[in-house]
Amino acid sequence: MEYKSIAIDGPSGAGKSTMAKRLATALGYLYVDTGAIYRTLGLFALKRGVDPGCEREVLPLLPQAKIKMAYGEDGFQHMYLGGEDVTDEIRRPEVSTAASKISAIPEVRDFLLGMQRDMAKKNNVIMDGRDIGTVVLPKADAKIFLMATPEARAQRRYAELLERGMQVEYENVFHDILERDARDSGRSAAPLKRAEDAVLVDTTEHSLEESFQILLRTVQERLR
Ligand code: DC
């Protein structure tokens, strides 16, 4: 059976996961959050006391990384590291930075590629990340590049972290967003960039609901 795939790429905080989850529910597709996979490896490096930005230290870790993803009864993607459910732990801000650093290493990207493509071979998927439309699923049936200004993205991320009960300052969140943008777009291995055939959607001036309606229309047109 041929499965359909939808790729959503864009910078941190553009609303990819919120939009992808809602689209997945609306279309009956499986939502795959690829950032969570990089975050789990980033967490592993931190737990081992390894600098996630140092290729020489990270490479020997790869064969030891026991990373699994599974869908719970709640229907959500859970991440496991050595059998332990780390789904919540990988959302910590220091893990965001570790994931961004470790993901710039080409061998890390190769190591995690099969896991992502496998999901699309066995399911109708909506996958979000940085290189889904360009590298992971270049033949995706629909591709979206979701963006918003760094200020709008920092505001949303700040509100989200507060809601999760984390103690953070807006200035730090904004600074992290700029730093991650520079790293995710500036790396040589599969940098964040819009695929030529991706539809650009800027959510800066749109509410969640408006953005969702735009995306749903766009995807439905592409799938037709
Ligand atoms: O989507 P996210 O913020 O959870 O991703 C965390 C980091 O992982 C992000 O800063 C860059 C990296 N990443 C990547 O390089 N490629 C992907 N497909 C997904 C995430």
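In each ligand, atom 1 is the first atom listed, and ligand 1 is the first ligand listed. Below, all heavy atoms of this structure are taken into account, side chains as well, without hydrogens, waters or symmetry copies.
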Chemist: Whether the Q213 and E209 side chains hold a donor-acceptor pair (N or O, under 3.5 Å, no angle test) is what I'd like checked.
Modeler: yes

Chemist: What is the nearest protein non-hydrogen atom to atom 19 (C) of ligand 1, stated with its residue, atom name and distance?
Modeler: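 Residue, atom and distance for the closest contact: T34 OG1, 3.4 Å.
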
Chemist: May I ask you to check whether R157 and S96 show a side-chain donor-acceptor distance below 3.5 Å?
Modeler: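 Note: R157 and S96 side chains miss the donor-acceptor criterion.
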
Chemist: Measure the distance from atom 2 (P) of ligand 1 to every protein heavy atom, then report the residue, atom name and distance (to 0.1 Å) of the closest one.
Modeler: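 Nearest neighbour among protein heavy atoms for atom 2 (P) of ligand 1, to 0.1 Å: R130 NH2, 3.6 Å.
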
Chemist: Which atoms of ligand 1 are found less than 4.0 Å from any heavy atom of D184?
Modeler: 9 (C), 10 (O), 11 (C)

Chemist: Checking the side chain of R222 only, and the main-chain atoms of K143 only, is there a donor and an acceptor separated by less than 3.5 Å?
Modeler: no

Chemist: Return the CD1 to CE distance between I132 and M127, rounded to the nearest 0.5 Å.
Modeler: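 So the CD1 of I132 and the CE of M127 are separated by 6.0 Å.
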
Chemist: Taking D128 for the side chain and S17 for the main chain, is one N or O donor matched with an acceptor at less than 3.5 Å?
Modeler: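 At least one qualifying donor-acceptor pair exists.
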
Chemist: Please confirm whether R183 approaches ligand 1 to less than 4.0 Å, judged on its heavy atoms.
Modeler: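 No heavy atom of R183 comes that close to ligand 1.
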
Chemist: So, S103 versus R187: side-chain donor-acceptor pair below 3.5 Å or not?
Modeler: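 There is such a pair (donor and acceptor under 3.5 Å, judged by atom type) between the side chains of S103 and R187.
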
Chemist: Can you tell me which residue and heavy atom of the protein come closest to atom 6 (C) of ligand 1, and the distance to 0.1 Å?
Modeler: R180 NH1, 3.5 Å

Chemist: What's the separation between atom CD1 in I177 and atom CG in D184, rounded to the nearest 0.5 Å?
Modeler: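 The CD1 atom of I177 sits 10.0 Å away from the CG atom of D184.
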
Chemist: May I ask you to identify the nearest protein heavy atom to atom 16 (N) of ligand 1, giving residue, atom name and distance to one decimal place in Å?
Modeler: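 Protein heavy atom at minimum distance: R109 NH2, 3.0 Å.
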
Chemist: Look at atom 8 (O) of ligand 1 and say which protein heavy atom is nearest, naming residue and atom and giving the distance to 0.1 Å.
Modeler: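 Of the protein heavy atoms, Y38 CB, 3.6 Å lies nearest.
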
Chemist: Closest non-hydrogen protein atom to atom 4 (O) of ligand 1, residue and atom name please, with distance?
Modeler: R39 NE, 2.6 Å

Chemist: Name the closest protein heavy atom to atom 20 (C) of ligand 1, giving the residue it belongs to and the distance to 0.1 Å.
Modeler: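 Sorting protein heavy atoms by distance from atom 20 (C) of ligand 1 puts G35 CA, 3.6 Å first.
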
Chemist: Nearest to atom 12 (C) of ligand 1 by heavy atom, S103, S96, A7: which?
Modeler: S103

Chemist: Between R187 and ligand 1, find which residue part has any heavy-atom pair under 4.0 Å and reply side chain, backbone, both or neither.
Modeler: side chain

Chemist: Hey, does the Lys NZ or Arg CZ of R194 hover above the aromatic six-ring of F145, less than 6.0 Å from the centre and inside 45° of the axis?
Modeler: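 No, cation not above the ring by the 6.0 Å, 45° rule.
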
Chemist: With a cut-off of 4.0 Å, which atoms of ligand 1 are near a heavy atom of G129?
Modeler: 17 (C), 18 (N), 19 (C)

